[in-house]
Trainee: 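Here it is: the structure, laid out below.
The analysis underlying the following values was restricted to heavy atoms, covering all of them including side chains, and did not include hydrogens, waters or symmetry mates.
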Amino acid sequence: MQLTAAVAFLTILQEESVSVHTYAHSFLQVILLHLEQRDTGVSNAWLETLLAVIEVLPKETLRHEILNPLVSKAQLSQTVQSRLVSCKILGKLANKFDAHTIKREILPLVKSLCQDVEYEVRSCMCRQLENIAQGIGTELTKSVVLPELIELSRDEGSSVRLAAFETLVNLLDIFDTDDRSQTILPLVKSFCEKSFKADESILISLSFHLGKLCHGLYGILTQDQHLRFLEFYKKLCTLGLQQENGHNLENQIPPQVLEQEKKYTSVRKNCAYNFPAMIVFVDPKNFHMELYSTFFCLCHDPEVPVRYTIAICFYEVSKLLNSGIYLIQKELITLLQDESLEVLDALVEHLPEILELMSAGGESSVQENKLSSLPDLIPALTAAEQRAAASLKWRTHEKLLQKYACLPQIISSDQIYYRFLQRMFTIMMTNNVLPVQKAASRTLCVFLRYNRKQEQRHEVIQKLIEQLGQGKSYWNRLRFLDTCEFIIEIFSKSFFCKYFFLPAIELTHDPVANVRMKLCYLLPKVKSTLKIPADKHLLQQLEMCVRKLLCQEKDKDVLAIVKRTVLELDRMEMSMDAFQKKFYEKDLLDQEKEREELLLLEMEQLEKEKQQNDGRPLSDKIFDKKRRDTKTLTQSLPKSIPISVPGPSSSTPSTSKEIKKSKLIRSQSFNNQAFHAKYGNLEKSASKSSTAAYAPSVSGLAKTAVLSLTDDSFRARSASNVPPSYSPNPALPSTSRGTSSTADSKNSGNKDPQPRKAVS
């Protein structure tokens with residue numbers, strides 16, 4: 001009940017259910033009354049509530065209701081619990097009053113508690129000196145707080161000495177150079193010497209604060225002192241490793257030895273945490289001579305917590321080394337091959353940034369890909385994925401697959417195709433964890449986006465359509481729809497319409513209700529890829545499929561979603577005026593995607609013509625130049641292309657009006673996420689998408705001309721667009737608007753029908 005009441009009082013304060021004046025009048029005395037409960041948990045709960053109340057109470061209330069009674073509560077005649085509570089309250093009050101009041105009323109109590117007969121009270125008050133120093137300013141801190149800290153650092157209680165050391169480290173910024181060099185530095189040196197000889201209790205704290213300590217003392221250390229601190233750090237990094245060879249069986253190790261080894265592991269873990277700070281301490285230029293061997297030991301440490309911590313710090317180390325990052329490439333491979341998935345999970349968090357730094361840095365500035373000198377990278381990456389897949393930690397596997405989307409910026413297209421892309425297919429087809437399958441699907445789409453060989457791209461598209469979209473398992477067909485969603489996000493609209501539009505809407509005939517239901521949710525995004533008037537024939541087929549679902553769907557859940565989707569599709573044109581500029585900008589981004597896709601084709605053609613197998617192909621340079629030109633052109637488009645609102649559509653619009661209308665229609669397209677070459681933009685979610693209309697001349701589904709609803713009619717129209725079986729030079733379904741003409745839109749439904757592959 002006491003704990004519940006304390007939490008309730010705190011909740012009332014945090015939610016501001018009553019005014020501060022009412023709260024102080026009604027609840028403050030109750031809180032103060034229960035501070036000295038015998039039960040430590042209950043007392044701490046009420047103390048936490050009081051400390052939160054102190055933040056909002058006015059000064060006069062604090063003085064009369066809390067500070068004045070505190071004088072008697074802090075006396076030696078009171079219980080230890082009462083004096084401990086007084087220490088924490090004083091630390092909180094120090095920031096609420098001016099320096100004069102603190103000096104006259106609070107500092108005498110602080111000095112008294114620092115000299116308390118109980119070491120627990122001295123330790124507690126020592127830890128509050130940091131808050132008090134911030135309240136009284138630099139001068140009083142030097143004259144009052146620093147002498148107390150020096151005296152407490154020589155205390156007979158180890159916990160008091162430890163509190164004094166940590167408080168000194170935290171207050172380093174307050175003291176000037178003279179205080180640091182004449183008072184604090186000798187004290188720190190004494191701590192370091194005693195930690196090995198007589199007082200191992202402060203080793204863990206010393207190793208944790210060593211980076212901050214070296215940073216604070218950096219400007220006052222002589223060369224000899226600098227080397228001594230560095231050697232001390234190196235000694236801590238290998239602490240306890242020399243003794244492990246003497247133990248073979250755990251049951252033969254005495255308990256006290258196990259406890260000591262656990263302490264030493266914590267020390268080495270703290271050293272790994274401080275490694276980036278020590279690189280700054282020695283200067284990154286001296287890393288190879290001074291710290292590389294220590295880094296090697298930490299990466300190969302026998303204890304998982306140490307390797308886990310250095311894996312977390314690996315990205316910071318990489319940034320600090322800059323051009324010297326090539327020195328730690330082998331350690332990256334070591335951590336990727338680590339037997340612990342915890343270490344792998346920590347490293348993968350910033351793996352794209354690490355690989356990008358390694359590909360951009362190194363000894364050679366001429367070589368395009370600096371990772372070519374690291375042949376073990378690809379085997380290490382594939383082995384890491386296989387270990388994650390074989391474990392039960394699917395979240396690590398999912399994260400790894402997501403991070404692999406950066407590989408097109410790191411390694412060649414052929415390496416991705418032969419070593420990673422096929423593996424993504426296997427995961428999509430065989431893995432039983434949905435988030436893992438979706439991560440593999442998205443990464444595969446990124447690989448496809450940057451694949452530089454048309455034959456390989458066609459093969460991947462063919463496999464996606466035949467093995468997923470037309471697969472025998474409904475689960476695969478669901479994953480095909482997920483893949484379509486990623487393709488809409490990553491690729492240009494024309495790419496989706498050319499290869500995936502018809503295979504996607506064909507799933508309206510799927511025998512499984514869940515597949516039809518998922519397709520209905522996707523239809524607004526599918527419609528957003530269309531551009532009028534070039535894709536009028538695709539829009540007609542989409543509307544015919546939706547109308548057929550309305551007329552023939554028997555599943556009540558699917559039918560309900562179809563009805564909602566129809567309303568959403570019909571409302572898409574209502575957003576045109578309100579969001580016209582926004583969609584216009586998105587359409588420009590889509591044009592940039594389309595240009596980049598065309599540049600990939602041009603680059604492939606140039607590579608074939610030049611037949612350059614060694615060094616960087618000339619076509620890469622041409623591609624980069626064209627890509628820069630494309631970005632420049634894209635940035636200038638908003639200034640050169642006006643945004644106009646077309647008038648009411650007529651039955652025979654002129655060519656110029658049709659062009660303007662087409663631009664406006666595309667500007668109202670679905671708000672899909674723009675895809676940039678850098679990996680960071682790939683991680684943006686497509687969940688912020690919204691829908692919009694496309695053509696004022698094309699009204700809602702209820703207003704369009706009546707089309708044939710027979711299944712045979714639809715199949716005859718789309719049969720010519722269904723991909724045939726794969727051949728060395730596959731002929732993929734194509735509804736490309738790049739070669740569209742008036743005749744294309746008129747004759748889209750009159751092509752000779754071809755046999756359609758059966759869909760289970």
Trainee: Going by the side chain to side chain donor-acceptor pair (under 3.5 Å) test, which pairs reach into residues 76-91, not counting sequence neighbours?
Mentor: Ser43-Gln81, Arg83-Asp116

Trainee: Can you list the residues that meet the side chain to side chain contact (heavy atoms under 4.5 Å, CB included) rule with Thr167, with sequence neighbours excluded?
Mentor: Cys126, Leu129, Glu130, Leu149, Leu171

Trainee: Roughly how far, to the nearest 0.5 Å, is OG1 of Thr61 from CD1 of Ile54?
Mentor: 12.0 Å

Trainee: Check Lys142 with Asp176, please: is the shortest side-chain N to carboxylate O separation under 4.0 Å?
Mentor: yes

Trainee: Identify, with sequence neighbours excluded, every residue that meets ring-ring contact (aromatic ring centres under 6.0 Å, His included) alongside Tyr273.
Mentor: Phe208

Trainee: With a 4.5 Å heavy-atom cut-off, do Leu32 and Leu35 have their side chains touching?
Mentor: yes

Trainee: Could you go through residues 389-396 and list every donor-acceptor pair under 3.5 Å that involves a side-chain atom there, pairing it with any protein atom two or more places apart or in another chain?
Mentor:
from	atom 1	to	atom 2	distance (Å)
Ser391	OG	Ala388	O	2.8
Ser391	OG	Lys393	N	3.3
Thr396	OG1	Asp345	OD1	3.2

Trainee: So, Ser207 side chain and Leu203 main chain: donor-acceptor pair closer than 3.5 Å or not?
Mentor: yes

Trainee: Where does the angle between the aromatic ring planes of Tyr23 and Phe27 fall among parallel (under 30°), tilted (30 to 60°) and perpendicular (over 60°)?
Mentor: tilted

Trainee: Apply ring-ring contact (aromatic ring centres under 6.0 Å, His included) to His300 and list each qualifying residue two or more places apart in sequence or on a separate chain.
Mentor: Phe296

Trainee: For atom CD of Glu48, decide whether the heavy atoms of other residues, nucleotides or ligands shown that lie under 6.0 angstrom number more than 12.
Mentor: no

Trainee: What residues, two or more places apart in sequence or in another chain, satisfy salt bridge (charged side-chain N to carboxylate O under 4.0 Å, His left out) together with Arg127?
Mentor: Glu166

Trainee: Could you pull out all residues at least two apart from Tyr315 that satisfy ring-ring contact (aromatic ring centres under 6.0 Å, His included)?
Mentor: His350

Trainee: Strictly below 4.0 Å, N to O, side chains only: are Glu193 and Arg228 in salt-bridge contact?
Mentor: yes

Trainee: Sequence neighbours excluded, which residues qualify as side chain to side chain contact (heavy atoms under 4.5 Å, CB included) partners of Ala8?
Mentor: none

Trainee: Suppose we screen for side chain to side chain contact (heavy atoms under 4.5 Å, CB included). Which residues come up paired with Ala5, at least two apart in sequence or across chains?
Mentor: Trp46

Trainee: If you define the side chain from C-beta out and look only at heavy atoms, does anything of Lys438 sit under 4.5 Å from Glu398?
Mentor: no

Trainee: Kindly write out the residues that satisfy side chain to side chain contact (heavy atoms under 4.5 Å, CB included) with Thr11, not counting sequence neighbours, or none if the list is empty.
Mentor: Val7, Glu15

Trainee: Does Tyr308 have more than 12 heavy atoms from other residues, nucleotides or ligands lying within 6.0 Å of its OH?
Mentor: no

Trainee: Would you say His226 has more than 12 foreign heavy atoms packed within less than 6.0 Å of its NE2?
Mentor: yes

Trainee: Quick one: does Met278's side chain get under 4.5 Å of Lys234's, heavy atoms only?
Mentor: no

Trainee: Once you measure the plane-to-plane angle for Phe275 and Phe295, does it fall in the parallel (<30°), tilted (30-60°) or perpendicular (>60°) bin?
Mentor: tilted

Trainee: Under 3.5 Å, is there a donor-acceptor pair between the side chain of Ser72 and the main chain of Pro69?
Mentor: yes

Trainee: Under 3.5 Å, side chain of Ser143 to main-chain N/O of Glu139, donor-acceptor pair present?
Mentor: yes

Trainee: I'd like to know if the side chain of Asn274 and the backbone of Asn270 have a donor-acceptor N/O pair within less than 3.5 Å.
Mentor: yes

Trainee: Give a yes or no answer on whether the side chain of Asn95 reaches the backbone of Gln134 with a donor-acceptor pair at less than 3.5 Å.
Mentor: no

Trainee: Just verifying a value: how many Å separate Ser153 OG and Leu168 CG, rounded to the nearest 0.5 Å?
Mentor: 6.5 Å

Trainee: Side chain to side chain donor-acceptor pair (under 3.5 Å), that's the test. Do Tyr264 and Glu303 meet it? Break it down for me.
Mentor: CA-CA 10 Å; Tyr264 289 163; Glu303 298 296 333; over 6 Å; no

Trainee: Sequence neighbours left out, what pairs pass salt bridge (charged side-chain N to carboxylate O under 4.0 Å, His left out) with at least one residue falling in residues 89-103?
Mentor: Glu55-Lys92

Trainee: Could you tell me whether Glu105 and Arg63 have a side-chain N and a carboxylate O separated by less than 4.0 Å?
Mentor: yes

Trainee: In Å, rounded to the nearest 0.5 Å, how long is the span from CG of Asp179 to CD1 of Ile174?
Mentor: 11.0 Å

Trainee: Flag the pair Arg307 / Glu339 as yes when at least one side-chain heavy-atom distance between them is below 4.5 Å, and no otherwise.
Mentor: yes

Trainee: Do Glu259 and Lys262 sit within salt-bridge range, that is, some charged N less than 4.0 Å from a carboxylate O?
Mentor: no

Trainee: Show me the pairs that pass salt bridge (charged side-chain N to carboxylate O under 4.0 Å, His left out) and involve residues 203-218, at least two apart or across chains.
Mentor: none

Trainee: For Tyr119, look at atom OH and say whether over 12 heavy atoms of other residues, nucleotides or ligands are found less than 6.0 Å away.
Mentor: no

